[in-house]
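Everything on this sheet refers to the single structure shown next.
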Amino acid sequence: MLSLFQILLMLISVAKFIIIAHIIMSWLINFGVLNIHQPLVNQLWRGLDQLLAPVYNPIRRMLPNMGGLDLAPLIVILGLFAAEILIRNNAMYFI
């Protein structure tokens, strides 16, 4: 059972890394550091966007229009941190 909790925590860490990479890449694209017309940047951006769109879209529908400010990644990151805390604090009950 301990292995299951460690695997869940690892998956949460990977998800947080992917979301943070998506956030940083969006900043770099918006500030003109990365060019979306380069094939590698375009593939990475589209891949991350398609991977995270099913997670972000339901949250974006619930949030009011913020005029270009996307709070969906922040809410997902906070949810992942909360899930990690719940798993760590309640692991002793299942082992």
Side-chain angles (χ1 to χ4, degrees):
M1 202 57 148
L2 180 62
S3 299
L4 181 64
F5 289 111
Q6 289 175 341
I7 291 170
L8 283 174
L9 291 174
M10 180 189 63
L11 290 174
I12 289 173
S13 296
V14 169
K16 287 190 289 190
F17 175 77
I18 290 171
I19 292 170
I20 290 171
H22 186 253
I23 292 168
I24 291 172
M25 193 168 179
S26 71
W27 288 346
L28 292 175
I29 289 171
N30 285 332
F31 290 132
V33 176
L34 292 178
N35 187 358
I36 198 72
H37 299 294
Q38 293 176 341
L40 179 63
V41 174
N42 192 11
Q43 284 180 345
L44 282 173
W45 177 248
R46 286 185 184 269
L48 286 174
D49 209 32
Q50 288 177 356
L51 183 67
L52 294 172
V55 178
Y56 290 163
N57 287 340
I59 296 170
R60 286 177 180 151
R61 282 193 295 267
M62 289 188 294
L63 292 174
N65 188 5
M66 300 289 285
L69 181 63
D70 188 13
L71 296 178
L74 176 66
I75 291 173
V76 173
I77 288 276
L78 290 175
L80 288 173
F81 276 115
E84 184 177 359
I85 290 169
L86 288 172
I87 290 171
R88 287 188 191 275
N89 290 341
N90 293 317
M92 64 184 159
Y93 296 116
F94 296 103
I95 296 175

Q.
On a heavy-atom basis, which atom in Ala15 and which in Leu80 lie closest, and how many Å separate them?
A. CB-CD1, 3.8 Å

**Q.** With Trp45, the side chain to side chain contact (heavy atoms under 4.5 Å, CB included) member among Ile36, Leu40, Leu34
**A.** Ile36

Q.
Quick check: is Leu69 connected to Trp27 through a chain of hydrophobic side chains (ILVMFWY, heavy atoms under 4.5 Å apart)?
A. yes

**Q.** Test item: Arg88 and Phe5 side chains (from C-beta on) under 4.5 Å apart, heavy atoms
**A.** no

(Q) Nearest 0.5 Å, please: how far is CG in Leu48 from CD in Gln43? (A) 11.5 Å

**Q.** Exam field: side chain Asn57 to backbone Ala53, donor-acceptor pair closer than 3.5 Å
**A.** yes

Q) Do you reckon Ile7 sits in the same ILVMFWY cluster as Leu9, going by side-chain contacts under 4.5 Å, direct or chained? A) no

Q: Would you sort out whether Met25 and Val41 count as a side chain to side chain contact (heavy atoms under 4.5 Å, CB included), showing the intermediate values?
A: CA-CA 9 Å; Met25 193 168 179; Val41 174; 3.9 Å; yes

Q.
Does Met10 form a side chain to side chain contact (heavy atoms under 4.5 Å, CB included) with Gln6? I'd like the steps, not just the answer.
A. CA-CA 6 Å; Met10 180 189 63; Gln6 289 175 341; over 6 Å; no

Q. Atom CZ of Arg46 and atom CG of Leu51: how far apart are they, to the nearest 0.5 Å?
A. 15.0 Å

**Q.** Hydrophobic cluster identity match, Tyr93 and Ile85, side-chain contacts under 4.5 Å
**A.** no

Q.
Checking His37 against Asn42 for the side chain to side chain contact (heavy atoms under 4.5 Å, CB included) test, could you report, in this order, the C-alpha distance in whole Å, the side-chain angles of both residues, the deciding distance, and whether it holds?
A. CA-CA 6 Å; His37 299 294; Asn42 192 11; over 6 Å; no

Q) For His22 and Tyr56, what are the C-alpha separation, side-chain angles and deciding distance, and is it a ring pair (Phe, Tyr, Trp, His ring centres under 6.0 Å)? A) CA-CA 12 Å; His22 186 253; Tyr56 290 163; 5.7 Å; yes

Q. Atom CG of Leu63 and atom CG of Leu71: how far apart are they, to the nearest 0.5 Å?
A. 6.0 Å

Q) Which distance, rounded to the nearest 0.5 Å, do you find between the CD1 of Ile23 and the CG of Leu28? A) 12.0 Å

Q | pair Ile12-Ile87: side-chain heavy atoms closer than 4.5 Å | A | yes

(Q) Using every non-hydrogen atom in the two residues, find where Pro54 and Pro58 come nearest and quote the distance to one decimal. (A) O-CD, 3.2 Å

Q: Output, in order, the C-alpha distance, side-chain angles, deciding distance and verdict of side chain to side chain contact (heavy atoms under 4.5 Å, CB included) for Ile20 and Ile77.
A: CA-CA 8 Å; Ile20 290 171; Ile77 288 276; 4.0 Å; yes

**Q.** Straight-line distance of Ile75 CD1 to Arg60 CZ, nearest 0.5 Å
**A.** 10.5 Å

(Q) Let me confirm one number: the OG-CD1 distance from Ser13 to Ile18, rounded to the nearest 0.5 Å. (A) 11.0 Å

Q. Are Met66 and Ile59 connected in a single hydrophobic cluster, I mean Ile/Leu/Val/Met/Phe/Trp/Tyr linked by side-chain heavy atoms less than 4.5 Å apart?
A. yes

Q. Would Leu11 and Ile19 show up in the same hydrophobic cluster when neighbours are defined by side-chain heavy atoms closer than 4.5 Å?
A. no

